[in-house]
Number of protein chains: 2
Amino acid sequence: MMSGNSPDFTERLRAAGLRPTRQRVALARVLFEGGHRHVTAESLHAEVKATRMPVSLATVYNALNQFRDAGLLREVVVAPGRSYFDTNTGHHHHFYVEPDGELHDFPSDKVTIAGLPSPPKGTRLSRVDVIVRVHR
Amino acid sequence: MMSGNSPDFTERLRAAGLRPTRQRVALARVLFEGGHRHVTAESLHAEVKATRMPVSLATVYNALNQFRDAGLLREVVVAPGRSYFDTNTGHHHHFYVEPDGELHDFPSDKVTIAGLPSPPKGTRLSRVDVIVRVHR
DNA sequence: GCATCTTTTAGAATAGTTCTAATCTGCTTG
DNA sequence: CAAGCAGATTAGAACTATTCTAAAAGATGC
C-alpha cells in the first residue's frame, strides 16, 4: 500500500523505466513539483538534503544522468566544467548570463532559424541549440 | 636582430599585447599557420611537443586563455568537461558530432535567426551561439 | 650587461564527475 | 509475509580537466 504522499512521482518514474526509490522520488519531487528549473548536481544535492532526506552526491549524479537518458531532463552545456540540467524538455533555447552562470529559458515558438546547412555526410540531425550569451 | 623565421607571429602577439616568448610563438605557429583549427589544451600540447619545442601543459592552458582574452581564439563549449578553442574568430556556428566530439564550423552568412527575444533587463547581448548536434 | 618585471615550469591543488565494492532496499515469488 | 535477488545507494577512492604556487628562466629597457 502506498502513502498517497506523491503517487505522481512514483508513477512518473515507473513510466520512465526507473524504480521509484526513496531517493529518486525525493529528487523528482524537488525537480518537478514546481515550475521549470535549472539545476546542477551540487545545487540539487543541497536542495534535497534540506528536505531531510539523506541522498549522497553520487546518487544525485546517477539520478540526473538516468533522468536525462529517460527524457525527463535535458542537459544544457553552456560553460566549461559545469553541467546544467533543465526540467523543461520541450523545444526552447537559452539565455546565459555571464559571468554569473545564470540560465533562462525562452520559447522557440517565435524563433525561426533559416539557412542551416545540411548535416555532414553520414550523420543525422539530433538537436539545434541556440545559446544567447549576454553580460551585464 | 631577428631570425626571420616567423616575424608574423611575433608581431601578431605583440599587437595583441602579449610578449612573443618562444613558447607563445611556437603555439601561435601551430595554431595559426594553416587553415582554421579546433584544438583542446591536450591536443595542442601534443602537437607543439612534436615540434620539439618544450612547452608545459600549464603554459598551453595559460596561452589558450590569454589568446582567447586577446581575441585571437574563440572558446566553444559543446560538451561538459572539455573546452575547445577555435582559431576562427569570425561569425560562424558549429556542427557537433556526438559522441565522437568532432567539431565543424559552418559560416553564418546564410543563416538567419529571427524572433529572438530581447536580453533580460540589465544585460547586453554578447554573442549568439548555434550548435547543431548530429549523430551517426 | 644588469635590473626588473614577466613568463614558464613541475608539481601540488582544486573542481566536477565517475567508479568501486560493500551494504541496503524494492519488488517478486512461494 | 519471509526469503531471495536484482538493482540502487553509499562513502570514499579515483579520475579528468584545469588552475595555482613558488622557484627558476627569460624578455625588455637602460
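In the text below, chain A, chain B and the rest are named by the order of the sequence lines, each starting its count at 1.
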Check your understanding: Can A:L116 and B:H93 be said to form a side-chain contact (heavy atoms from CB on, under 4.5 Å), step by step?
Key -> CA-CA 10 Å; A:L116 284 181; B:H93 300 302; 5.9 Å; no

Residue set satisfying ring pair (Phe, Tyr, Trp, His ring centres under 6.0 Å) with B:H38, at least two apart, ordered chain then number -> B:H94

Sorted by chain and residue number, the side-chain contact (heavy atoms from CB on, under 4.5 Å) partners of B:A79 (sequence neighbours excluded) come out as B:Y96

Across all chains, not counting sequence neighbours, the side-chain contact (heavy atoms from CB on, under 4.5 Å) partners of B:H104 are A:P120, B:F95, B:V97, B:E102

Using a 4.5 Å side-chain heavy-atom cut-off and chaining through intermediate ILVMFWY residues, the residues clustered with A:V77 come out as B:V77

Applying salt bridge (Lys or Arg N to Asp or Glu O under 4.0 Å) to B:D109 and not counting sequence neighbours gives none

Sorted by number, residues from residues 42-67 of chain B placing a heavy atom under 4.0 Å from DNA chain C are B:P54, B:V55, B:S56, B:A58, B:T59, B:N62

Correct closest heavy-atom pair for B:L27 and B:T59 would be CD1-O, 4.4 Å

Heavy atoms of A:V48 and A:A26 approach each other most closely as CG2-CB, 3.9 Å

Here the pair of heavy atoms bringing A:E47 nearest to A:V30 is OE1-CG1, 3.5 Å

Note: chain A reaches DNA chain D at heavy-atom distances under 4.0 Å over the stretch, first to last nt, 5' to 3', of D:dA6 to D:dA11

Sorted by chain and number, sequence neighbours left out, side-chain contact (heavy atoms from CB on, under 4.5 Å) with A:P20 holds for A:T10, A:L13, A:R14, A:V25

Min and max contacting nt of DNA chain C in 5' to 3' order, chain A heavy atoms within under 4.0 angstrom, are C:dG16 to C:dC27

- [ ] Would you classify B:T40 as touching base, sugar-phosphate or nothing, given that sugar-phosphate means primed atoms plus P, OP1 and OP2, and contacts are heavy atoms under 4.0 Å?
- [x] nothing

The helix from C:dG1-D:dC30 to C:dG30-D:dC1: angle between terminal helix axes, five bp per end, to the nearest 10 degrees, reads 30°

Here the ring pair (Phe, Tyr, Trp, His ring centres under 6.0 Å) pairs for residues 115-136 of chain B, sequence neighbours left out, are none

Listing, residues 66-76 of chain A side-chain donor-acceptor contacts under 3.5 Å, not counting sequence neighbours, or none:
residue	atom	partner	partner atom	Å
A:Q66	OE1	A:R24	NH1	3.0
A:R68	NH1	A:N65	OD1	3.3
A:R68	NH1	A:E75	OE1	2.6
A:R74	NH1	A:G90	O	3.4
A:R74	NH2	A:H92	O	3.4
A:R74	NH2	A:D129	OD1	3.3
A:E75	OE2	A:S83	OG	2.7

Heavy-atom nearest nucleotide on DNA chain D taken for B:R82 and for B:R19; more 5' hit belongs to B:R82

